[in-house]
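Notes to accompany the following structure.
Below, all heavy atoms of this structure are taken into account, side chains as well, without hydrogens, waters or symmetry copies. Keep in mind that what you see is a predicted model, and the values were worked out from it rather than measured.
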Amino acid sequence: MKNRRAKSRRRGNLSLAERRERRSARHILDVKVKNRRDKKKRTSPRSVFWVKGLIVVMAVATIFIAVHSAARAYLIDNPEYRLKLIAYETDGVLSRQRVLDYLELETGGKLLEIDMPALREKLLAKPEIKSAQLQRDLPDKITISVNERSPIAWLACRSRGVVPKTVSREDLKIRGLMVDETGIILECRRLMPRYVALPVIKLRDLGETTPGRRIQPAEAMSAVDLIKACDEALYLDSLKVREIELATEYSLLASFNSGAEVTFGMSQLEKQVEDFRLIHQDSLKKGRRLGSVNLLMKKNIPVRFIETSQNPTPEEVENLQPIPAPRARPAGEESGPEPRRTPKIRRSIPRERADNADGVRAYLRTG
């Protein structure tokens with residue numbers, strides 16, 4: 001009852017106009033209509049951004065296509081930029097025509113369309129080529145520089161048909177294989193004079209015979225290292241390796257041009273070669289000829305000498321004679337041809353007196 005009285009009191013305080021206004025307000029709907037213009041204002045920045053981006057991309061693509069077309073017309077399709085000259089440089093025996101066959105390269109092509117890295121990879125895939133450089137010289141030239149692998153020894157293996165100092169022949173099933181200083185196997189396709197003088201590495205079994213692969217087994221690589229060590233340390237002594245054979249799993253038997261046969265171990269090759277050089281020099285001072293040396297022993301190295309008891313040849317006897325000095329003419333003697341001298345006849349040299357040079361000289365003085 002109290003609430004009703006309070007409401008009636010409140011109504012009584014309102015004027016008639018206010019009451020009507022309240023009654024009419026009850027029937028009005030509060031509806032908010034979204035304006036399309038407001039919606040357009042919200043989405044316009046994003047659409048403008050995409051439109052501008054699309055315009056920029058189209059402009060860049062148009063410029064790129066125009067520049068590419070112009071460059072192609074001026075450079076690539078230009079007859080002046082056609083390949084006309086191919087310069088070739090090498091430090092070995094590889095012919096120019098063989099290199100061009102490897103590359104499948106001919107004159108007349110478009111110079112700027114030639115893939116230079118791909119051509120270089122083709123050359124490096126060949127076993128006989130160690131390194132290669134290709135340079136494009138505008139407008140019409142390519143320069144090819146090749147560094148070839150240099151063989152240092154022949155390979156010999158009966159079980160694989162590898163014959164030293166021969167050219168590979170498929171019809172006879174003969175393969176001439178060599179090896180370079182890094183142990184890479186090379187195939188002999190042309191027998192050069194300098195190849196004939198290379199030493200020979202004899203192997204019972206050659207694990208890998210494909211050119212371009214590293215030599216197998218590991219002991220064979222020790223023979224390659226021994227040849228390199230001898231070439232460096234014995235060059236001034238005129239000592240050269242002629243043949244190396246894998247005697248055992250831990251030793252190498254090397255034959256030298258002096259006739260000496262030396263047994264080397266697989267390790268510390270430089271030290272062993274130096275020991276052999278000292279022994280060789282000492283034998284020369286003593287006038288003795290080395291027969292065999294076993295360097296597997298670190299102390300008390302076994303050394304065998306060769307006895308030289310042969311008679312000297314006439315050429316050697318003649319070389320032992322001193323060259324006579326010219327005869328001085330007496331004062332007032334007219335110049336003219338020298339009188340012919342009768343040759344001096346010497347007796348044959350007995351074997352017991354020809355064992356050494358001193359005996360020969362003594363015999364000539366007394367004879």
Side-chain angles (χ1 to χ4, degrees), residues 53-155 167-168 170 175-195 198 208-215 221 224 228 231:
L54 183 61
I55 293 173
V56 171
V57 171
M58 293 178 64
V60 171
T62 303
I63 295 173
F64 175 78
I65 293 173
V67 172
H68 182 268
S69 301
R72 186 174 185 86
Y74 181 74
L75 296 176
I76 299 178
D77 296 334
N78 192 340
E80 295 183 359
Y81 290 90
R82 299 273 180 169
L83 180 60
K84 299 177 182 178
L85 300 175
I86 301 177
Y88 175 65
E89 301 173 356
T90 182
D91 59 350
V93 299
L94 197 60
S95 64
R96 178 178 182 272
Q97 187 58 44
R98 182 173 295 178
V99 171
L100 296 182
D101 292 341
Y102 288 160
L103 298 176
E104 299 178 355
L105 186 63
E106 296 179 355
T107 57
K110 298 177 181 179
L111 183 62
L112 296 179
E113 285 188 343
I114 297 176
D115 191 352
M116 306 296 280
L119 295 181
R120 183 173 178 271
E121 291 298 326
K122 284 185 178 181
L123 289 179
L124 294 179
K126 302 302 177 181
E128 60 269 28
I129 297 177
K130 186 177 182 180
S131 62
Q133 297 294 332
L134 284 87
Q135 182 179 350
R136 187 169 15 219
D137 300 325
L138 296 178
D140 56 0
K141 182 180 178 181
I142 285 181
T143 302
I144 304 173
S145 300
V146 173
N147 183 14
E148 299 183 36
R149 297 186 183 274
S150 180
I152 64 172
W154 290 92
L155 297 177
V167 180
S168 296
E170 297 182 358
R175 305 193 66 186
L177 299 181
M178 298 179 289
V179 63
D180 74 337
E181 61 180 5
T182 61
I184 300 299
I185 298 176
L186 306 174
E187 189 171 15
C188 180
R189 297 185 177 181
R190 182 182 176 187
L191 191 61
M192 305 294 293
R194 63 187 182 93
Y195 292 166
L198 294 178
E208 184 63 57
T209 60
T210 304
R213 299 292 184 90
R214 193 171 298 277
I215 188 174
M221 192 62 201
V224 175
K228 293 191 296 181
D231 290 342

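In this structure, Glu148 and Asp91 have side chains that are in contact, with non-hydrogen atoms separated by less than 4.5 Å. Within the 4.5 Å cutoff, the side chain of Thr107 has no heavy atoms near those of the Lys84 side chain. A heavy-atom distance below 4.5 Å is not found between the side chains of Arg213 and Ile184. Looking only at side-chain heavy atoms (C-beta outward), Leu134 and Leu123 come within less than 4.5 Å of each other. Two residues are said to be in side-chain contact when any heavy atoms from C-beta on lie closer than 4.5 Å; Met221 and Ile215 meet this criterion. Residues Ile185 and Thr210 are not in side-chain contact: their nearest non-hydrogen atoms beyond the backbone lie 4.5 Å or more apart. Two residues are said to be in side-chain contact when any heavy atoms from C-beta on lie closer than 4.5 Å; Lys122 and Glu104 meet this criterion.
Within the 3.5 Å criterion, the main-chain N or O of Gln133 finds no donor-acceptor partner in the side chain of Arg120. The backbone N or O of Gly176 sits less than 3.5 Å from a side-chain atom of Ser168, completing a donor-acceptor pair. In this structure, Trp154 contributes its side chain and Val179 its backbone to no donor-acceptor pair below 3.5 Å. The main-chain N or O of Thr209 is found under 3.5 Å from a side-chain atom of Arg175 such that the two form a donor-acceptor pair. A distance-only check finds no donor-acceptor pair linking the side chain of Asp180 to the backbone of Ile152 [under 3.5 Å].
Note that CG of Asp115 and CD of Glu113 are 11.0 Å apart. Values are rounded to the nearest 0.5 Å. Atom CZ in Arg214 sits 5.5 Å away from atom OG1 in Thr182 (nearest 0.5 Å). The line from CD of Glu181 to CZ of Arg149 is 9.0 Å long, rounded to the nearest 0.5 Å. In this structure, the separation between CG on Leu105 and CG on Leu119 is 6.0 Å, given to the nearest 0.5 Å. The CG atom of Leu124 lies 7.5 Å from the OG atom of Ser131; values are rounded to the nearest 0.5 Å. Note that CZ of Arg96 and CG of Leu100 are 5.0 Å apart. Values are rounded to the nearest 0.5 Å.
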Where do Leu112 and Leu138 land on the side chain to side chain contact (heavy atoms under 4.5 Å, CB included) test, with the steps shown first?
CA-CA 9 Å; Leu112 296 179; Leu138 296 178; 3.7 Å; yes
Could you walk me through whether Leu83 and Ile114 pass the side chain to side chain contact (heavy atoms under 4.5 Å, CB included) test, one step at a time?
CA-CA 9 Å; Leu83 180 60; Ile114 297 176; 4.0 Å; yes
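With 3.5 Å as the limit, one finds no donor-acceptor pair spanning the side chains of Glu89 and Thr143.
For the pair Val93 and Met192, the tightest heavy-atom approach, listed with the atom from each and the gap, is CG1-CE, 3.7 Å. The two residues Asp137 and Leu111 come nearest to each other via the heavy atoms O-CD2, 4.1 Å. Minimum interatomic distance between Met178 and Cys188 (heavy atoms only, all atoms of both residues): CE-CB, 3.8 Å. Looking at every heavy atom in both residues, Leu94 comes nearest to Tyr88 through O-OH, 2.8 Å.
The neighbour count for Lys130 NZ, taken as heavy atoms of other residues, nucleotides or ligands under 6.0 Å away, does not exceed 12. Residue-environment remark: CZ (Arg136) exceeds the threshold of 12 foreign heavy atoms within 6.0 Å.
A cation-pi arrangement is found for Lys126 relative to Tyr102, the charged atom lying closer than 6.0 Å to the ring centre and inside a 45° cone about the ring normal.
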